[in-house]
Amino acid sequence: MMMEIILNEYSLDGQFETMDLFFDSLKPMIKIHKLIKEADTVALLRHHEMYQRLVTHDKTLHDVMVDNRSRTSDEIRVFKRMIRELTSEDPFWTTLPSHKPSDSYVIATNGSIPTNGHGLAEACERDKVIVSFKHPAFEDDTLEILKNNKPIVIMNFIDPSQLSELMHERRLVTPHLYCKYRFNSEKLCFDLLEEDHGFDLLTEGEVRAFISSFKSFHELSWDEILKSDGLEYKLYSPSRKEEDWFRGSQYTNKNISKFRTSRKYRCFGFREGDAFFVLRFELDHKESDKG
């Protein structure tokens, strides 16, 4: 099953005062783009003339991509690489559009803006999902389009965690990839989760239990986490070195901690700053019993 998402070209109409402000706005879009590429179950369709859209009042996406005068960094190079992919590589919905020129499509809140021939109209005839750049007119989660005066509601995403939620609901993403983008590394980071000790060990019911616990963990402050009787967050401290589950691993020198995801299950990892880096799941309590 492949979900088709439309990149909303109307969300670029010269709203940024400078290219630097545009670059600063791109972090959520970068993560959305990476999520879609990693999942490989979603097609991000765009207009073949996306490169002509204005970023500032006088600079297009193409201008941004080829401009060498703007500040340079690894991050900017990543941004430009994404822009190049979005503007010059398939898939383009314009190759085989699903909406008809004979139909009328307008934004319900602004009937003066016709959308026929644009991504908003195309989204109405596909999976009714769009992704937008940062724009004051496209901040809401939904957008109503009138097709021949009949309303069609399309979903609008500007945040990778919200898109990952939809993909998870539709079974278009693995639990690991879902958690990686759903929690956005702010409180829980899943980049280091070891496959041999991760979601592949779990049944569908166990996956739900773990994810439910992660959501609870994510919503709490660190003071609340440390005081929570339900999570029982504590330092992992086996009494003997030979019983250390992480002995000989690259995390030997880390202060490993653990917390409960159920009465029986545990999650192991380490904290750096405000982020907890998830490393391993435990299902049988054998390691927890050692410390």
Side-chain angles (χ1 to χ4, degrees), residues 28 31-32 34-36 38-39 41-42 141 157 159-239 243-247 249-252 254-291:
K31 289 184 178 180
I32 286 174
K34 288 177 65 177
L35 167 60
I36 289 173
E38 286 187 57
T41 53
V42 174
D141 296 339
F157 291 95
D159 180 81
S161 64
Q162 293 177 341
L163 179 58
S164 70
E165 196 72 55
L166 175 68
M167 292 171 67
H168 177 61
E169 290 171 4
R170 297 189 179 185
R171 297 178 178 270
L172 294 171
V173 67
T174 64
H176 187 182
L177 198 57
Y178 162 68
C179 287
K180 182 178 175 181
Y181 287 91
R182 167 62 173 80
F183 301 108
N184 234 3
S185 304
E186 294 171 356
K187 184 72 64 62
L188 285 165
C189 180
F190 289 82
D191 290 349
L192 303 180
L193 177 61
E194 299 174 5
E195 288 188 13
D196 291 345
H197 300 283
F199 285 103
D200 289 347
L201 300 175
L202 309 181
T203 65
E204 191 169 321
E206 289 167 344
V207 168
R208 287 195 297 269
F210 269 78
I211 288 176
S212 177
S213 294
F214 294 145
K215 287 181 177 179
S216 297
F217 188 103
H218 191 254
E219 291 170 0
L220 298 176
S221 69
W222 270 105
D223 283 344
E224 291 170 327
I225 289 169
L226 297 175
K227 295 175 182 177
S228 171
D229 292 332
L231 290 174
E232 284 191 4
Y233 183 94
K234 62 179 67 174
L235 193 67
Y236 170 60
S237 52
S239 55
E243 293 182 339
D244 187 346
W245 199 17
F246 294 88
R247 184 184 183 192
S249 76
Q250 60 184 306
Y251 308 110
T252 300
K254 296 290 185 182
N255 292 319
I256 303 296
S257 297
K258 59 181 179 177
F259 64 88
R260 292 174 56 174
T261 58
S262 73
R263 292 183 63 183
K264 185 177 179 181
Y265 306 147
R266 300 292 184 273
C267 176
F268 287 72
F270 61 92
R271 178 183 175 183
E272 284 191 356
D274 286 334
F276 184 85
F277 289 81
V278 176
L279 298 179
R280 296 177 185 177
F281 301 157
E282 184 195 31
L283 305 183
D284 55 17
H285 216 274
K286 289 181 180 178
E287 301 302 330
S288 291
D289 287 343
K290 298 173 184 176

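None of these values were measured; they are calculated from a predicted model.
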Between [Y] and [X], is there a side-chain heavy-atom distance shorter than 4.5 Å?
X	Y	value
L35	L177	yes
K254	E272	yes
F281	L202	yes
C267	V278	yes
K187	I225	yes
L163	I36	yes

Report the C-alpha separation of Y236 and D244 in whole Å, then their side-chain angles, then the decisive distance to 0.1 Å, and conclude whether the side chain to side chain contact (heavy atoms under 4.5 Å, CB included) test is met.
CA-CA 9 Å; Y236 170 60; D244 187 346; 3.4 Å; yes

The criterion is side chain to side chain contact (heavy atoms under 4.5 Å, CB included); which residues satisfy it with D159, sequence neighbours excluded?
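D159 satisfies side chain to side chain contact (heavy atoms under 4.5 Å, CB included) with S161, Q162 once adjacent residues are dropped.
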
Can you name the residues that form a side chain to side chain contact (heavy atoms under 4.5 Å, CB included) with S213, not counting sequence neighbours?
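Scan of S213 (side chain to side chain contact (heavy atoms under 4.5 Å, CB included), adjacent residues dropped) gives T261.
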
Would you call E282 and K258 a salt bridge, taking side-chain N to carboxylate O under 4.0 Å as the test?
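Salt bridge: no.
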
Which pairs count as salt bridge (charged side-chain N to carboxylate O under 4.0 Å, His left out) when at least one residue sits in residues 193-202, sequence neighbours excluded?
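Residue pairs passing salt bridge (charged side-chain N to carboxylate O under 4.0 Å, His left out), neighbours aside: E194-R280.
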
Enumerate the residue pairs fulfilling salt bridge (charged side-chain N to carboxylate O under 4.0 Å, His left out) with a member in residues 201-216, sequence neighbours excluded, ordered by first and then second residue.
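Salt bridge (charged side-chain N to carboxylate O under 4.0 Å, His left out) check on residues 201-216 returns E165-K215, R171-E204, E204-R208.
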
Nearest 0.5 Å, what's the CZ-CZ distance between F214 and F183?
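F214 atom CZ to F183 atom CZ measures 7.0 Å (nearest 0.5 Å).
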
Suppose we screen for ring-ring contact (aromatic ring centres under 6.0 Å, His included). Which residues come up paired with F157, at least two apart in sequence or across chains?
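Not a single residue meets the ring-ring contact (aromatic ring centres under 6.0 Å, His included) criterion with F157.
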
Under the ring-ring contact (aromatic ring centres under 6.0 Å, His included) test, which residues partner F270, sequence neighbours left out?
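Y251, F277.
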
Residues L279, F246; criterion side chain to side chain contact (heavy atoms under 4.5 Å, CB included); working and verdict:
CA-CA 10 Å; L279 298 179; F246 294 88; 3.8 Å; yes

Taking it one step at a time, do S257 and F276 satisfy side chain to side chain contact (heavy atoms under 4.5 Å, CB included)?
CA-CA 9 Å; S257 297; F276 184 85; 4.2 Å; yes

Might you work through the side chain to side chain contact (heavy atoms under 4.5 Å, CB included) test for L188 and C179, ending with a clear yes or no?
CA-CA 8 Å; L188 285 165; C179 287; over 6 Å; no

